[in-house]
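Right, one structure below, let's go through it.
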Amino acid sequence: MTNADSSERAAPRSGGLRHDSVPMRLYHEAKDRGAWDPRQLGLREDARDWSRLSVTERDVLLRLTGLFKVAEESMTRDLLPFLMIVLRENRPEEELFLTTFLSDEAKHTEFFQLVLDDIYGHSGDLLRYQTASFRKFFAEKLPTAMKALLADASPVAQAEALVTYTLVGEGVLGEAGYHVFTTALEGAGLMPRFREGLRLAQADEERHMAYGAFVLSRLVAQDPEVWAVISARLDQLVPDTLGVVTEFFQPYDAMPFGLSLEATIEYTMARFADRWTELEKARERGRGRPVTSGREEAVRLVLAWVRERAVPAPVEVHREGADPVYTFRVGAEEASALLITQEVLDGHAPGDIVAALASHRVPERLRERPHQRVICLQVGDQIVVQGPPG
Ligand SMILES: [Fe+2]
Ligand SMILES: [Fe+2]
């Protein structure tokens with residue numbers, strides 16, 4: 001659809017609603033399980049736990065809650081252009097589901113604001129917690145991709161918007177955030193009412209992501225060009241996403257609650273891998289073919305991670321013909337190299353490969369010293385990293 005015809009609406013569809021369709025099933029589920037009220041959680045009761053926390057513990061929770069509040073606000077606002085195109089294209093089942101989606105996002109905004117008000121008693125400005133990568137995603141990339149739909153509602157534009165919104169915003173960044181909350185609060189049994197709200201919000205997000213995957217699969221089936229767009233968009237967003245996670249941890253010498261940057265990065269990469277696998281499965285189902293190996297996906301995720309860690313050194317990956325080794329070149333001149341065997345890429349989750357490389361500070365070492373070679377191979381079931389001592 002182009003600018004010229006974007007204001008036109010498709011002719012109304014005759015017949016009733018398709019209750020067995022994915023959006024209608026999600027709609028019914030939303031009425032049933034999504035009907036919760038942040039005001040009824042009794043969040044004030046959790047203020048006692050809050051008052052016992054250390055200064056750093058409070059700072060970490062305040063930072064994450066403040067970021068969630070801003071993110072949910074963006075998610076509420078930025079969904080509207082997508083709703084407009086669903087309306088224009090006359091997809092009534094999706095219209096119904098999207099009313100619950102929008103109301104969920106509004107409720108999440110309210111929930112995180114209530115946590116700030118009723119548990120933390122915080123009334124100050126949280127702007128300082130928004131790092132460069134966070135702002136880049138929520139103030140630039142996300143609204144730009146969503147607003148673009150108002151001028152161009154082509155399958156490619158819809159795919160770009162949904163990859164940004166559901167796959168990365170909700171599916172990777174959101175899940176990484178929930179993971180940090182859970183790690184911090186669950187282990188110590190802190191703030192049970194807050195945790196209940198997080199559990200309910202996360203269940204809402206599951207529906208949103210299921211819907212996102214449903215639409216993306218349909219777009220891929222409709223237009224073969226869409227797949228390359230999704231793939232490029234995901235690649236482009238990995239570094240920003242890892243930036244958000246890394247910058248979250250940066251201000252702290254030691255993280256409280258047993259949190260660690262490595263574990264969170266590992267978790268985030270695993271979520272990327274999950275989202276990617278789901279899409280690949282949907283594509284293969286559409287083609288009626290078996291699912292291909294996850295090697296391509298492992299290479300792209302490891303590459304994105306090495307790039308993020310090796311900044312400002314450029315990183316490229318190549319493979320000679322059918323060579324069973326992938327070479328990641330770090331640096332322009334006098335480059336160093338990381339060699340990863342095909343066996344490792346085929347047999348291990350990207351998150352595990354990244355964890356093994358992270359524990360040896362591989363990207364940093366290769367960036368710092370020229371002409372180094374580090375080899376990552378499989379011995380028995382284990383990933384082994386060999387190279388000059390760090
Ligand atoms: Fe949300
Ligand atoms: Fe959501």
Side-chain angles (χ1 to χ4, degrees), residues 22-23 25-39 41 43 63-86 94-116 126 129-130 134 137-139 141-143 145-147 149 158-182 194-216 237 241 244-245 248 268 271-272 274-275 278-279:
V22 171
R25 285 208 304 268
L26 292 168
Y27 168 73
H28 291 304
E29 196 185 305
K31 284 183 302 171
D32 183 30
R33 293 187 216 158
W36 60 283
D37 181 357
R39 287 183 166 189
L41 291 167
L43 291 171
R63 181 182 299 271
L64 189 54
T65 309
L67 294 181
F68 255 96
K69 153 81 191 343
V70 172
E72 298 288 4
E73 243 172 334
S74 303
M75 300 309 253
T76 312
R77 214 176 23 233
D78 295 330
L79 188 61
L80 289 165
F82 189 77
L83 245 156
M84 289 305 297
I85 62 160
V86 169
E94 291 180 52
E95 277 171 36
L96 261 61
F97 171 67
L98 283 167
T99 63
T100 71
F101 191 147
L102 188 63
S103 123
D104 288 344
E105 298 302 0
K107 193 164 56 186
H108 299 167
T109 309
E110 181 202 353
F111 169 62
F112 286 105
Q113 183 63 57
L114 263 186
V115 171
L116 292 167
L126 295 167
Y129 288 136
Q130 293 182 33
F134 180 89
F137 186 84
F138 286 101
K141 296 247 162 125
L142 179 67
M146 301 309 287
K147 277 186 205 148
L149 293 173
Q158 291 190 36
E160 289 211 318
L162 283 181
V163 167
T164 313
Y165 190 105
T166 71
L167 235 56
V168 176
E170 299 180 308
V172 181
L173 272 173
E175 290 207 348
Y178 281 111
H179 176 73
V180 171
F181 268 134
T182 309
F194 180 16
R195 277 188 283 135
E196 175 62 5
L198 289 169
R199 189 187 66 74
L200 290 162
Q202 230 181 331
D204 295 342
E205 298 298 354
E206 288 295 333
R207 287 193 301 278
H208 305 168
M209 289 184 277
Y211 171 74
F214 160 78
V215 179
L216 281 171
L237 291 172
T241 309
V244 174
V245 177
F248 180 85
T268 309
R271 294 288 75 77
F272 259 113
D274 289 349
R275 298 296 154 216
E278 266 170 36
L279 271 178

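Residue numbers start at 1 and run along the sequence shown. Here the structure is a predicted model, which is why all the values come from computation and not from measurement. Order of appearance sets the numbers: ligands from 1, and atoms from 1 within every ligand.
When the side chain to side chain contact (heavy atoms under 4.5 Å, CB included) test is applied to E160, the partners found at least two apart in sequence or on another chain are V229, R233.
Around the Fe ion (ligand 2), the angle linking E170 (OE2) with E205 (OE1) is 90°, rounded to 10 degrees. Here the angle at the Fe ion (ligand 2) defined by OE2 in E105 and ND1 in H208 stands at 100°, rounded to 10 degrees.
Side-chain rings of F97 and Y211 approach one another, their centers coming within less than 6.0 Å.
Looking only at its N/O/S atoms, E72 has OE1 as the one nearest to the Fe ion (ligand 1). Restricting H108 to its N, O or S atoms, the one at the least distance from the Fe ion (ligand 1) is ND1.
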Before giving the answer on side chain to side chain contact (heavy atoms under 4.5 Å, CB included), spell out for L198 and F112 the whole-Å C-alpha distance, their side-chain angles and the decisive distance to 0.1 Å.
CA-CA 9 Å; L198 289 169; F112 286 105; 3.9 Å; yes
Stepwise, does the side chain to side chain contact (heavy atoms under 4.5 Å, CB included) test hold for T65 with F194?
CA-CA 11 Å; T65 309; F194 180 16; 4.3 Å; yes
